[in-house]
Enquirer: 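There's a structure below that I have some questions on.
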Amino acid sequence: SPRDVRWDVAVRDIRRDTHDVDGAIEAAQAAVAVRPEEELLWREAADMMVRAGRVAEAADYLAGWNKARPADEGVAGWRSGLYSQTGDGAKAFAIEQAALKAFMKTATDNDLKYRKARAIERLMEQGHPDLALQLGSPRKDIRDLDDVLSADEQCRLALLVNQFPQLLRA
């Protein structure tokens with residue numbers, strides 16, 4: 001059957017087990033091409049790329065998975081994390097921003113607030129506090145995040161971006 005991935009998965013596993021990294025990645029991508037709706041196949045292909053040290057390539061490749069689900073927080077966080085590993089904060093920010101924009105179309109204000117808080121926290125954890133602040137406040141003002149972040153997280157971010165005195169004056 002043209003939709004049967006078993007052959008590609010078997011080839012992938014054989015090539016992986018014989019340390020043919022490029023061949024395993026190629027077979028993993030072939031499996032994804034047969035069944036692009038299968039998240040596990042995407043995860044396995046990207047994982048192989050990451051293990052091979054091809055982190056940026058994995059993040060780029062996952063754009064195909066992300067395209068069909070632009071508001072998916074899981075894939076956005078995954079991709080932004082991968083780009084952060086490569087030191088590309090701008091791409092990590094752009095992915096989080098695009099996912100939030102897509103999510104806004106269907107979210108309630110409360111859902112959007114929690115989602116934005118998680119995206120801000122991810123960027124902070126990935127080592128991009130300035131970008132985290134920018135995601136939460138286009139004006140880059142920590143006080144704009146009063147209703148988005150917990151007081152704890154807001155203080156942490158304020159310290160990281162040198163805006164703690166402004167937060168205290170709020």
Enquirer: Do Leu100 and Trp78 share a hydrophobic cluster (ILVMFWY, side-chain heavy atoms under 4.5 Å, transitive)?
Expert: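 No.
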Enquirer: How far does CG of Asp130 sit from CG of Leu135, to the nearest 0.5 angstrom?
Expert: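 Answer for the CG-CG pair, Asp130 versus Leu135, is 12.5 Å.
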Enquirer: Locate the shortest heavy-atom distance separating Val75 from Asp72; write the atom from each residue and the value.
Expert: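 Nearest heavy atoms, Val75 then Asp72: N-OD1, 3.1 Å.
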Enquirer: Side-chain contact, heavy-atom cut-off 4.5 Å: Tyr61 with Trp42?
Expert: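 Yes, at least one pair of side-chain atoms sits under 4.5 Å.
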Enquirer: Before giving the answer on side chain to side chain contact (heavy atoms under 4.5 Å, CB included), spell out for His128 and Phe93 the whole-Å C-alpha distance, their side-chain angles and the decisive distance to 0.1 Å.
Expert: CA-CA 9 Å; His128 307 293; Phe93 174 82; over 6 Å; no
Enquirer: Identify whether Tyr83 and Met124 are in the same connected component of the hydrophobic contact network (ILVMFWY, side-chain heavy atoms under 4.5 Å).
Expert: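 No; Met124 is not reachable from Tyr83 via cluster members.
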Enquirer: Quick one: closest heavy-atom pair of Val5 and Ala31, and the distance?
Expert: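 For Val5 versus Ala31, the nearest heavy atoms are CG1-O, 3.7 Å.
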Enquirer: How many angstroms lie between atom CD of Glu96 and atom CD of Gln126, to the nearest 0.5 angstrom?
Expert: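 That separation rounds to 6.5 Å.
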Enquirer: Kindly indicate whether the side chain of Met49, heavy atoms from C-beta on, has any atom under 4.5 Å from the side chain of Gln29.
Expert: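 Met49 reaches Gln29 side chain to side chain.
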Enquirer: Determine whether Leu167 and Cys155 make a side-chain contact, defined as any pair of heavy atoms from C-beta on separated by less than 4.5 Å.
Expert: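 Heavy-atom side-chain distance check passes, below 4.5 Å.
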Enquirer: Are Leu62 and Leu123 connected in a single hydrophobic cluster, I mean Ile/Leu/Val/Met/Phe/Trp/Tyr linked by side-chain heavy atoms less than 4.5 Å apart?
Expert: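 Different hydrophobic clusters.
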Enquirer: Apply the test side chain to side chain donor-acceptor pair (under 3.5 Å) to residues Asp141 and Gln166: give CA-CA distance (whole Å), side-chain angles for both, the deciding distance (0.1 Å), then the verdict.
Expert: CA-CA 8 Å; Asp141 188 335; Gln166 294 93 309; over 6 Å; no
Enquirer: Do Ile95 and Leu112 share a hydrophobic cluster (ILVMFWY, side-chain heavy atoms under 4.5 Å, transitive)?
Expert: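 Different clusters: Ile95 never reaches Leu112 through Ile, Leu, Val, Met, Phe, Trp or Tyr contacts under 4.5 Å.
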Enquirer: Is any side-chain heavy atom of Leu157 less than 4.5 Å from a side-chain heavy atom of Gln154?
Expert: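 No, side chains not in contact.
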Enquirer: Should Val9 and Trp65 be counted in the same cluster of Ile, Leu, Val, Met, Phe, Trp and Tyr side chains packed under 4.5 Å apart?
Expert: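 Yes; tracing contacts between hydrophobic side chains, which count when under 4.5 Å, links both residues.
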Enquirer: Between Glu57 and Val50, does a side chain to side chain contact (heavy atoms under 4.5 Å, CB included) hold up when you go through it step by step?
Expert: CA-CA 8 Å; Glu57 183 181 343; Val50 170; over 6 Å; no
Enquirer: With a 4.0 Å cut-off on N to O distance, would you call Arg54 and Asp22 a salt bridge?
Expert: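 Salt bridge: yes.
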Enquirer: For the CZ atom on Arg118, are there more than 12 heavy atoms of other groups (residues, nucleotides or ligands in this structure) within a distance under 6.0 Å?
Expert: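 Counting other residues, nucleotides and ligands, CZ of Arg118 exceeds 12 neighbours.
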Enquirer: Would you call Arg156-Glu153 a salt bridge at under 4.0 Å N-O?
Expert: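 Yes.
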Enquirer: Side chains of Glu44 and Arg12, heavy atoms from C-beta outward: is any pair under 4.5 Å?
Expert: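 Counting from C-beta outward, Glu44 and Arg12 do come under 4.5 Å.
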Enquirer: Report yes if some heavy atom in the side chain of Leu149 is under 4.5 Å from a heavy atom in the side chain of Glu121; otherwise report no.
Expert: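 Side-chain contact under 4.5 Å: yes.
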Enquirer: So does Lys140 have more than 12 non-hydrogen atoms from other groups sitting under 6.0 Å from NZ?
Expert: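 No.
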Enquirer: Counting only heavy atoms not in Asp147, do more than 12 sit closer than 6.0 Å to its CG atom?
Expert: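 Yes, the 6.0 Å shell around CG holds more than 12 heavy atoms from other groups.
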